[in-house]
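This report refers to the structure that appears directly beneath it.
So you know, we letter chains A, B, ... as the sequences are listed, proteins then strands, and number each from 1.
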2 protein chains.
Amino acid sequence: MLPCACANLRRAARAVTQLYDRELRGTGLGVTQFTLLQALARIGELSQGRLGNGMSIDSTTLTRTLATLRKAGWIAVRTGGDRRVRLISMTAAGRRQLERSYPAWERAQERLRRILGDPRWEALGDLTHRVVRSAREA
Amino acid sequence: MLPCACANLRRAARAVTQLYDRELRGTGLGVTQFTLLQALARIGELSQGRLGNGMSIDSTTLTRTLATLRKAGWIAVRTGGDRRVRLISMTAAGRRQLERSYPAWERAQERLRRILGDPRWEALGDLTHRVVRSAREA
DNA sequence: CCATAATGTATGTATATACAACTTATTGTC
DNA sequence: GACAATAAGTTGTATATACATACATTATGG
């Protein structure tokens with residue numbers, strides 16, 4: 001086990017991403033795209049900046065990540081009252097795509113949960129949440 | 001909090017990576033490179049495949065990540081008895097660079113550890129390790 | 001032995017990630 | 001109201017990430 005918390009987190013994220021992407025393969029979405037659509041489905045329209053803040057993704061990263069989703073027709077981008085702001089929302093096609101990928105995502109969740117065990121699965125959700133908050137304060 | 005374990009892990013990894021990279025800025029290494037050098041310092045020479053396996057990094061990803069380190073002169077690559085294999089080791093320059101970046105890395109570790117608290121810090125090390133193993137089995 | 005399968009890495013391609021510098025738009029100050 | 005300061009996104013650049021495919025080498029079955 002490496003002594004670096006960041007290295008360990010990144011390694012876990014890679015391993016789990018590989019699991020989820022394997023399950024999602026063929027559904028049309030990668031786990032990053034799935035996550036963004038799932039967030040938009042729950043939250044509704046919001047600005048690029050707030051979306052990035054909520055996901056701890058740099059807003060400049062989202063410019064290009066969202067461009068992919070927009071080209072695929074899964075999200076719509078409009079300009080609000082403040083014309084610097086880009087308001088992002090999911091389209092009907094985006095919702096259909098999300099639903100198409102949903103079973104594969106659930107399978108990935110279930111597979112990891114079963115092997116990890118319920119207590120650790122819960123602990124993982126709690127701990128990742130706390131880690132995000134801590135990293136922001138630090 | 002998102003319902004997706006993968007999304008939560010990736011978000012935590014991004015947030016923590018941003019913290020560590022902020023601290024490492026100006027030392028010449030990003031956290032990925034620091035991690036690879038630190039691993040090589042501990043383990044010594046090993047093949048690209050084994051390195052990738054230990055870090056849960058696809059071996060084909062390492063081809064280009066390691067190329068950067070080699071160009072910088074921090075690692076050496078040689079061919080062993082099996083001529084398909086690339087054996088990776090750290091150079092003296094690599095060790096000096098690692099030592100130069102070490103204090104910044106320790107600061108990042110300490111900042112996160114202090115805010116997260118020791119019990120959760122320990123739990124994070126344990127849990128990320130278990131998650132990697134679970135994701136591989138799953 | 002030799003044909004074939006398996007293995008280790010490289011390359012082509014696509015997405016993800018973030019920082020520095022820039023552009024455009026808003027806000028604050030006088 | 002003009003001008004400086006601030007804020008939201010975009011673009012240029014560099015690294016990180018992995019899959020499909022290709023290539024070279026080694027192992028294996030007959």
Decide yes or no on side-chain contact (heavy atoms from CB on, under 4.5 Å) for A/Leu124 and A/Thr128, but give the supporting numbers first.
CA-CA 6 Å; A/Leu124 181 62; A/Thr128 50; 3.9 Å; yes
Show, in sequence, the C-alpha distance, side-chain angles and deciding distance for B/Tyr20 and B/Gln109, and conclude whether the side-chain hydrogen bond (donor to acceptor under 3.5 Å, both in side chains) test is met.
CA-CA 8 Å; B/Tyr20 278 65; B/Gln109 291 266 98; 2.5 Å; yes
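Protein chain A contacts DNA chain C from C/dT15 to C/dT26, reading 5' to 3' and using non-hydrogen atoms of the protein with a distance under 4.0 Å.
At a threshold of 4.0 angstrom between heavy atoms, the contacts of A/Thr60 include nucleobase atoms, whether or not backbone atoms are also involved.
Within the structure, every pair that satisfies the ring-ring contact (aromatic ring centres under 6.0 Å, His included) test and touches residues 21-51 of chain A, not counting sequence neighbours, is listed here: A/Phe34-A/Trp105. Residue pairs meeting the side chain to side chain donor-acceptor pair (under 3.5 Å) criterion with at least one partner in residues 61-75 of chain A, sequence neighbours excluded, are A/Gln48-A/Thr63.
One finds no side-chain N or O of A/Arg64 lying less than 4.0 angstrom from the OP1 or OP2 phosphate oxygen of D/dT10.
Side chain of A/Arg11 to main chain of B/Met55: no donor-acceptor pair is present (N/O by atom type, distance under 3.5 Å, no hydrogens or angles).
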Which atom pairs link the protein and nucleotides 4-8 of chain D when you take only N or O atoms and keep those under 3.5 Å?
unit_1	atom_1	unit_2	atom_2	d
D/dA7	N3	A/Arg84	NH1	3.0

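In this structure, A/Leu66 and B/Val77 both approach DNA chain C, and ranking their closest nucleotides by distance from the 5' end singles out B/Val77. In terms of position on DNA chain C, the residue among A/Thr68 and A/Ile57 whose nearest nucleotide sits closer to the 5' end is A/Thr68. Between A/Arg25 and B/Thr65, the residue anchored nearer the 5' end of DNA chain D, judged by the nucleotide with its closest heavy atom, is B/Thr65.
Partner of A/Arg86 under the side-chain contact (heavy atoms from CB on, under 4.5 Å) criterion, chosen from A/Val77, A/Leu66, A/Leu51: A/Val77.
Partners of B/Arg14 according to the side chain to side chain donor-acceptor pair (under 3.5 Å) rule, which considers only residues two or more places apart in sequence or in another chain, do not exist here. In this view, B/Thr17 and A/Arg10 satisfy the side chain to side chain donor-acceptor pair (under 3.5 Å) rule, not counting sequence neighbours.
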